[in-house]
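Reckoned from all heavy atoms, side chains included, excluding hydrogens, waters and symmetry mates. Residue numbers start from 1 in every chain, and the chains themselves are labelled A, B, ... in the order their sequence lines are given, proteins ahead of strands.
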Protein chains: 2
Amino acid sequence: MSKINNIELVRHSLSHLMSMAVQELYPKVGLGVGPAIENGFYQDYDLSEVIITPEILPKLEKRIRELIKEDIKFEQHNMDFDEAYKLYEHDPYKTWFIDDLKERGEKKVSFYKSDWFENLCAGPHVKSTKEINPEGFKLTSIAGAYWRGDEKNKMLTRIYGIAFDSKEELKEYLAQKEEAQKRDHRKLGKELGLFSFSEMVGAGLPLWSPKGTVLRNQLQNRLLEVSKKYGMLPVTIPHIAKRKLYETSGHADKFGDELFKVIGHYDEFVMKPVNCPHHTQIYASQPRSYRDLPLRYMESTMQYRDEKPGEIGGLTRVRSITVDDGHIFCTPDQIKEESKNIAKIIEEFYTSLGLFGSHWVSLSVRDPNNPDAYIGEPADWEKAEKMLEEVSDDLKLDAKRVEGEAAIYGPKLDYVFKDSLGREWQLATIQLDFAMPKRFGLEYTNEKGEKATPVMIHRAILGSYERFLAILIEHFAGAFPLWLSPVQVKILPISEKHNKYAEEVLEALQGKGIRAEIDESNEGLGKKIRNAKIQKTPYMLVIGDKEVESKEVTLESRTEKVGSFSIKKLIELLQKEIE
Amino acid sequence: MSKINNIELVRHSLSHLMSMAVQELYPKVGLGVGPAIENGFYQDYDLSEVIITPEILPKLEKRIRELIKEDIKFEQHNMDFDEAYKLYEHDPYKTWFIDDLKERGEKKVSFYKSDWFENLCAGPHVKSTKEINPEGFKLTSIAGAYWRGDEKNKMLTRIYGIAFDSKEELKEYLAQKEEAQKRDHRKLGKELGLFSFSEMVGAGLPLWSPKGTVLRNQLQNRLLEVSKKYGMLPVTIPHIAKRKLYETSGHADKFGDELFKVIGHYDEFVMKPVNCPHHTQIYASQPRSYRDLPLRYMESTMQYRDEKPGEIGGLTRVRSITVDDGHIFCTPDQIKEESKNIAKIIEEFYTSLGLFGSHWVSLSVRDPNNPDAYIGEPADWEKAEKMLEEVSDDLKLDAKRVEGEAAIYGPKLDYVFKDSLGREWQLATIQLDFAMPKRFGLEYTNEKGEKATPVMIHRAILGSYERFLAILIEHFAGAFPLWLSPVQVKILPISEKHNKYAEEVLEALQGKGIRAEIDESNEGLGKKIRNAKIQKTPYMLVIGDKEVESKEVTLESRTEKVGSFSIKKLIELLQKEIE
């Protein structure tokens, strides 16, 4: 068990103080669970028929502050089961907890007392409310929660709070949370018209509008462009396969619960939860020689996982997951060179997004104390780990060696990127795999004319497009860089008489492959500019009398007026920035 | 019933003559079915335990020729059922046919007699074998066929023949067939390494290698490039949806048997058999105004149909069908302009492939005698048919009006192209649809501020990539035009010492986006050239002492030596041809 931070004791103790405040108002309240959680705490209450609204929260907060100032001590004491049952026979919640402890073979029941309040609790807690900063916490929301998380049980009332050591940390957290809410990709996705869901299609199955598809395709094209320089070759596979494919690969075990079954009249299939097994079958479709290796397959394709309806949300967890997948089949001697190439692709791709630099790399290796947890020959492992270490050294990746984080089939390099809200995301990965080629009996003829097993390198650059776009939307708050923006230029004729020239400009831009749109609505210029800004369009072109006469355009960015240019000059400027 | 061509009588009569020849050899033979078919005829025989091999065919042919020369008459006569039963009580096949005629309420049993041979047959036949050209037919193959097509029944022996009016026609047919076999996309697909199948993935689910994927992606990019000029916008949808989506669209009825069911733990879906219903949901994700229309969605995406295992073959009939789909949502007034744009896209796309010109267009309209077979208002239909007629006139499509060929939901323009073997394929289509927008309750606000229903135009340019590529592979016999070729240039160093310069050339070409490969095998130059030609590579670059010294390259096409050029000049030449 990891050491409990003091702030966790504070959070847990605040949940007790909150229960004191609630019980003062509702003496008959029943207490469900009430743990410390990330950034705060909560407590479930059975308030019988009483319904409380968020208006009660400031009142409770005030009372908790008063309690804190009273320097109340938290004192633990144990009871025998008989005594505990007797004392709380009228309380079905405490009785349930006591039953539970007994079933688990505990010898005693632990209680914490603070002033008049006694709660069944294993602790630990702060010694006294003196340790709690009365300005460091806030009650944030009320929600319904089923007793024991089971919808057949009674719905309890859950009150959430957050708590930190200082008022400053609390403020910072609240500000960051507000910013995150503003940037929420579900909210922005709707406002910017990027993707939508349809009940008739189903939950977790996003429909990508033309604008959202621009984002996807721009990312995909950039990936292709960078990857082709390193000899990656696109391939194409279907979305279903016989279950036998995954029994052979081992995914049928691993993803058993997440496999969608596909039932036809003549055959049964499953929807692919991953792409590597299909790619092995392309490798296996021809005899291969060492001269053919490395073979580097890549593909952006949808895979399907049967996620729980309750866990589906926005783009973060979907059932149709578009992955940027890639598999390299090579000889053991080629591992280092191939891994280096992937690392270079990762660097180039993330540099386009301005994310390279704000990251760290994990060299995930075996747990030396648990060598049996891994598949493959120890000699291969040592060689592979050493190669990845050399890749890190050669390319100055400064990878942090993390023991026990390797995949069961091989070591890997994982890239963790930081977004503009300071959140960390594991995105790119380079994984060596000695096991799958053996499972599928893949072969090549080596220089000596003997049969040998290739090594497989799994690589992802952006991972899942859906998750990646959720992150990017929030990272950029929808204000994408020019090359990625669904609409790059919005043309705003001041009045109807300027529409004709505006349309000429539109055609000139579109003819050069610039994604431009025109706003010919009857709104005034102010409203048109506001609308373009809400859409986070990188550039606006205002077209009025002056522009029509001079045959120029006046360019405004999201923040400032850039200047007036001829159309030709404008196109040059934009194309240069897009490059 | 359509008029029977004389050649069909010849074919049917030849099947009787073949049975005479067979019965001379095997007097106890039982006769199954024996119809005239396209280009020829067949007859099923119960030979008891006798197994015959193709060596018998020339012998049978010779005997048939002798019979033809005997000027044998074909004479029909009818029998009462009692008489027929009595005469053939020993023959289970004839007894079955007599039963069948009786069940169908026939009054008499029709027989045809030629010389000593009598066969139960409705006819008609030639009057005499004089009408048959003894040099116009050929027996082609022997196959097994279950009696009544049911695998629970006895396996009979089927002999196939082909027959034409003249020896020349027969030769032409055989030559074309030989050519078609050489060009068979399944054979070429394997030889050129374009696609493969895996038992573990399943039948009808092609895996596209890097080379095959180049073909797909080049076609897709060309389509995108042409379509974007006309304002088509790519969208992205998942491959599954709730069944309700297809109940609403009507496809659940139409494709009931071909729907793959998708079973999850929490929800049931089906794999999409078409894409239009998903696209309606993107349209419906926002309120739309007349100012937003037309909205033109396009997507290359896989749809799935549960085809019968016996009907699956190569790329012609697959279960994972990648369609180039497109749907335009517009006002009724925009139908003409939008249809014209699609017609222009079709022209431009097929011109890239050299197929435009060898085609005809069908204006498929209602059957005037059956107005109830169609959905929608007659006024809308008239307007739409007139618009398509105007499109044909304006663009000089010279569309042939074909009554009764409209879809139930609207009239259409179908493009039928002819390949290099003279075969016709219906590929591109422009279909007006008044019904689906109503079924999904799609709306827009018109100029008057009222709710109105948009019209939907379904359009396909190439249809299914799989079927299209099967046709293209056979049309080009694998020798694709330069822009489409998976490998555009093969570099052939004469010996090992030329490899270094060859690799420089490779890098220079690849750096300019030219798909080049190098052959560094230990083979001699002759073998390397042969291999490149088998792969149908458009250009070869031979690199020897002369080239290394002069820093030039010598370019050879599939058929001739083109000349020697500097690398820079070569790239210019190739890029120009690709354009």
Side-chain angles (χ1 to χ4, degrees), chain A residues 193 195-203 205-210 212-214 216-217 228 233-242 244-245 248 257 260-267 269 271 277-278 281-282 284-286 291 295 297 299 302 304 306 308-309 318-320 322 440 513 520-521, chain B residues 193 195-203 205-210 212-214 216-217 228 233-242 244-245 248 257 260-267 269 271 277-278 281-282 284-286 291 295 297 299 302 304 306 308-309 319-320 322 440 510 513 520-521:
Chain A
F195 57 89
S196 59
F197 295 92
S198 152
E199 233 174 73
M200 271 196 268
V201 173
L205 298 167
L207 300 165
W208 293 87
S209 74
T213 301
V214 168
R216 293 171 59 98
N217 289 354
K228 273 191 177 169
L233 299 170
V235 294
T236 313
I237 57 174
H239 302 84
I240 61 176
K242 299 262 182 152
K244 193 171 187 322
L245 188 72
T248 307
D257 275 352
F260 277 117
K261 271 188 241 168
V262 178
I263 314 289
H265 291 88
Y266 320 98
D267 284 303
F269 302 91
M271 301 209 73
H278 275 89
Q281 295 308 291
I282 298 181
S285 68
Q286 285 183 27
R291 289 181 190 280
L295 277 170
Y297 299 154
E299 186 169 10
M302 284 192 197
Y304 287 80
D306 187 11
K308 290 198 180 97
V318 293
R319 284 165 162 169
S320 54
T322 319
F440 280 105
E520 291 189 344
S521 66
Chain B
F195 58 89
S196 59
F197 295 90
S198 152
E199 234 173 72
M200 272 196 269
V201 172
L205 298 167
L207 300 165
W208 293 87
S209 74
T213 302
V214 168
R216 294 170 59 98
N217 289 354
K228 273 190 177 170
L233 300 170
V235 294
T236 313
I237 57 173
H239 303 84
I240 60 177
K242 299 265 184 149
K244 193 174 187 322
L245 188 73
T248 307
D257 275 351
F260 277 117
K261 272 189 238 168
V262 178
I263 314 290
H265 291 88
Y266 321 98
D267 283 305
F269 303 91
M271 301 210 74
H278 275 90
Q281 296 308 291
I282 299 181
S285 68
Q286 284 183 28
R291 287 181 192 281
L295 276 170
Y297 299 152
E299 187 171 9
M302 282 192 198
Y304 287 80
D306 187 11
K308 289 198 183 100
R319 284 164 162 170
S320 54
T322 319
F440 280 104
Q510 287 180 337
E520 292 187 344
S521 66

Please look at [X] and chain B and tell me whether the side chain, the backbone, both or neither of the residue comes under 4.5 angstrom of a heavy atom of that chain.
X        : value
A:Phe269 : side chain
A:Thr322 : neither
A:Lys228 : neither
A:Phe195 : neither

Using non-hydrogen atoms only, which part of [X] is less than 4.5 Å away from chain A: side chain, backbone, both, or neither?
X        : value
B:Tyr297 : side chain
B:Glu199 : backbone
B:Phe197 : neither

Report the option among [options] that has the most heavy-atom pairs separated by less than 4.5 Å from atoms of chain A.
options                                : answer
B:Thr248, B:Leu295, B:Val262, B:Val214 : B:Val262
B:Pro277, B:Ser320, B:Gly264           : B:Gly264
B:Val201, B:Ile282, B:Asp257           : B:Val201

Beyond-backbone contact of A:Asn217 with B:Pro234, side-chain heavy atoms, under 4.5 angstrom: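 SC-SC contact between A:Asn217 and B:Pro234 confirmed.
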Calculate, to the nearest 0.5 Å, the distance between atoms [atom1] and [atom2] belonging to [X] and [Y] respectively.
X        : Y        : atom1 : atom2 : result
B:Asp306 : A:Ile263 : CG    : CD1   : 10.5 Å
B:Met200 : A:Phe440 : CE    : CZ    : 5.5 Å
B:Gln281 : A:Ser196 : CD    : OG    : 8.5 Å
A:Ile237 : B:Ser198 : CD1   : OG    : 11.0 Å
A:Lys242 : B:Leu205 : NZ    : CG    : 9.0 Å
A:His278 : B:Leu207 : NE2   : CG    : 6.0 Å

Most chain B-contacting option - heavy-atom pairs closer than 4.5 Å, from A:Lys244, A:Met302, A:His239, A:His265: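 Sorted descending by pairs with chain B, the first entry is A:His239.
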Name the member of A:Lys308, A:Gln286, A:Glu520 that forms the most heavy-atom pairs with chain B at distances under 4.5 Å.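 Heavy-atom pairs under 4.5 Å are most numerous for A:Lys308.
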Using the side-chain contact (heavy atoms from CB on, under 4.5 Å) rule, take B:Arg319 and A:Asp267 through it: C-alpha gap first, then chi angles, then the decisive distance, then the call. CA-CA 11 Å; B:Arg319 284 164 162 170; A:Asp267 284 303; 3.0 Å; yes
Taking every non-hydrogen atom, the tightest pair across A:Ser209 and B:Val235: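 In this case the closest contact between A:Ser209 and B:Val235 is C-CG1, 4.1 Å.
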Return the minimal non-hydrogen interatomic distance between A:Pro309 and B:Tyr266, and the atom names on each side.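 That would be CD-CG, 3.3 Å.
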Walk me through whether A:Ile240 and B:Met271 qualify under side-chain contact (heavy atoms from CB on, under 4.5 Å). CA-CA 10 Å; A:Ile240 61 176; B:Met271 301 210 74; 3.7 Å; yes
Please check this pair: side chain of A:Thr236 against backbone of B:Thr213, looking for a donor-acceptor N/O pair closer than 3.5 Å.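 Not a single qualifying donor-acceptor pair exists.
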